[in-house]
2 protein chains.
Amino acid sequence: MRMTRQRREILAVLSRTRSHPSAEEVLRQVRTTLPRVSLGSVYRNLKTLREAGLVREIVTAEGRRYDAVTAPHPHFVCERCSRVFDLARPLPPRALRRALPQGFAVSQIHLELRGTCSECGSQP
Amino acid sequence: MRMTRQRREILAVLSRTRSHPSAEEVLRQVRTTLPRVSLGSVYRNLKTLREAGLVREIVTAEGRRYDAVTAPHPHFVCERCSRVFDLARPLPPRALRRALPQGFAVSQIHLELRGTCSECGSQP
DNA sequence: ATAGAAATAAGACTCATTCTCATTTTAGGC
DNA sequence: GCCTAAAATGAGAATGAGTCTTATTTCTAT
């Protein structure tokens, strides 16, 4: 994978924030340094960087967000402002609830494991 | 909320399966009994039923799926065939891994808490 | 049975994401 | 440093899931 100016800048943007920006937000940031970057390139590069293990995609009900911290970790999604917060890893769900920052109220816990099922795993 | 034929049938479809169908799949099933139902009605009613607490929406990287079991519980998403499997509730992540059905391989664990953050919670 | 409110089917619309393609950039060998 | 083939880019078209609009139909409470 070529480390182009666009990719370097996308990574830089993601590295200097913990706000889990959307693709549009990444574009806005990247354009402050590289004004001609297209939205298509941002999407294409977020995918490439994700496949290279340098970026993590977080799918929430509010849309896809991006993160330069690739180790899987729990998130807290505010259902009002849609912001995504990181939580310390790894904690059992009960402790998680206690470990939440002051004033955060949980309405729903969603635990999703991803991988291959037995049927697909036994196929070539 | 009126319990119309369409809504009753959507609920029936979701109740008689554990396959977490997409809206399109629900439409296909519902049309075997009510052939004139529109996709718009399915979406509208899935939303209404969700707001009434009778249906749960599961957002995965592969799209939105629907479930008549509304209690939050962990899911296993097969990254190859996209099927969503239910897992027994509530288990700490470590035990979850052990509790997985034979032959299921986990590549990623995604824990998402939803609710309101402190900033939004302190606003009217 | 009827009227008013709510729900419906059909299709137009929106908007995030992906695709296409002509042009530009990059990295490696000279 | 220069050249070349492969890879990446920008621009805009295309896709597709989900939402909205509207005229018509169906409920349900009286």
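What you are looking at is a predicted structure, and each value in this text was computed from that prediction instead of being measured. These numbers come from the heavy atoms of this one structure, side chains and all, not from hydrogens, waters or symmetry mates.
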- With sugar-phosphate taken as primed atoms, P, OP1 and OP2 and all else as base, the protein-contact string of nucleotides 25-30 of chain D at under 4.0 Å (heavy atoms; B, S, -) is -BB---
- Going 5' to 3' through nucleotides 15-22 of chain C, assign each nucleotide B (protein heavy atom under 4.0 Å from a base atom), S (under 4.0 Å only from sugar-phosphate atoms) or - (no protein heavy atom that close). -SBB----
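A/Leu27 is not listed as a side-chain neighbour of A/Ser22, based on a closest heavy-atom distance of 4.5 Å or more. Looking at B/His110 and A/His110, their side chains come closer than 4.5 Å, going by heavy atoms from C-beta outward. Residues B/Arg114 and A/Thr60 meet the side-chain proximity criterion, which asks for heavy atoms closer than 4.5 Å. At a threshold of 4.5 Å between non-hydrogen side-chain atoms, the residues A/Asp67 and A/Asp86 count as touching. The shortest distance between side-chain heavy atoms of B/Leu46 and B/Leu14 falls below 4.5 Å. Looking at heavy atoms from C-beta onward, A/Leu11 lies out of side-chain contact with A/Arg7 at the 4.5 angstrom threshold.
For the segment residues 25-37 of chain B, the set of residues with a heavy atom within less than 4.0 Å of an atom of DNA chain C comprises B/Arg36, B/Val37, in numerical order.
Under the 3.5 Å distance criterion, with hydrogens and angles disregarded, no donor-acceptor pair is assigned to the side chains of B/Gln6 and B/Ser41.
Taking five base pairs at each end of the helix from C/dA1-D/dT30 to C/dC30-D/dG1, the local helix axes there meet at an angle of 40°, rounded to 10°.
Atoms CZ (A/Arg8) and P (D/dT9) sit 11 Å apart, rounded to a whole Å. Residue B/Leu46 contributes atom CG, which lies 15 Å from atom P of D/dA17 at whole-angstrom precision.
With salt bridges taken as basic N to acidic carboxylate O contacts below 4.0 Å, none links A/Glu24 and A/Arg31.
By the 4.5 Å side-chain criterion applied to Ile, Leu, Val, Met, Phe, Trp and Tyr, B/Val84 is assigned to a cluster that also includes B/Val77.
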- Query: B/Glu62 and B/Arg80: salt bridge (charged side-chain N to carboxylate O under 4.0 Å, His left out), yes or no, with the steps?
  - Reply: CA-CA 10 Å; B/Glu62 287 80 13; B/Arg80 202 156 158 191; over 6 Å; no
Under 3.5 Å, side-chain donor or acceptor atoms of residues 49-57 of chain A against the rest of the protein: list the pairs with distances, not counting sequence neighbours.
residue	atom	partner	partner atom	Å
A/Arg56	NH1	B/Gln108	OE1	3.4
A/Glu57	OE2	A/Tyr66	OH	2.9

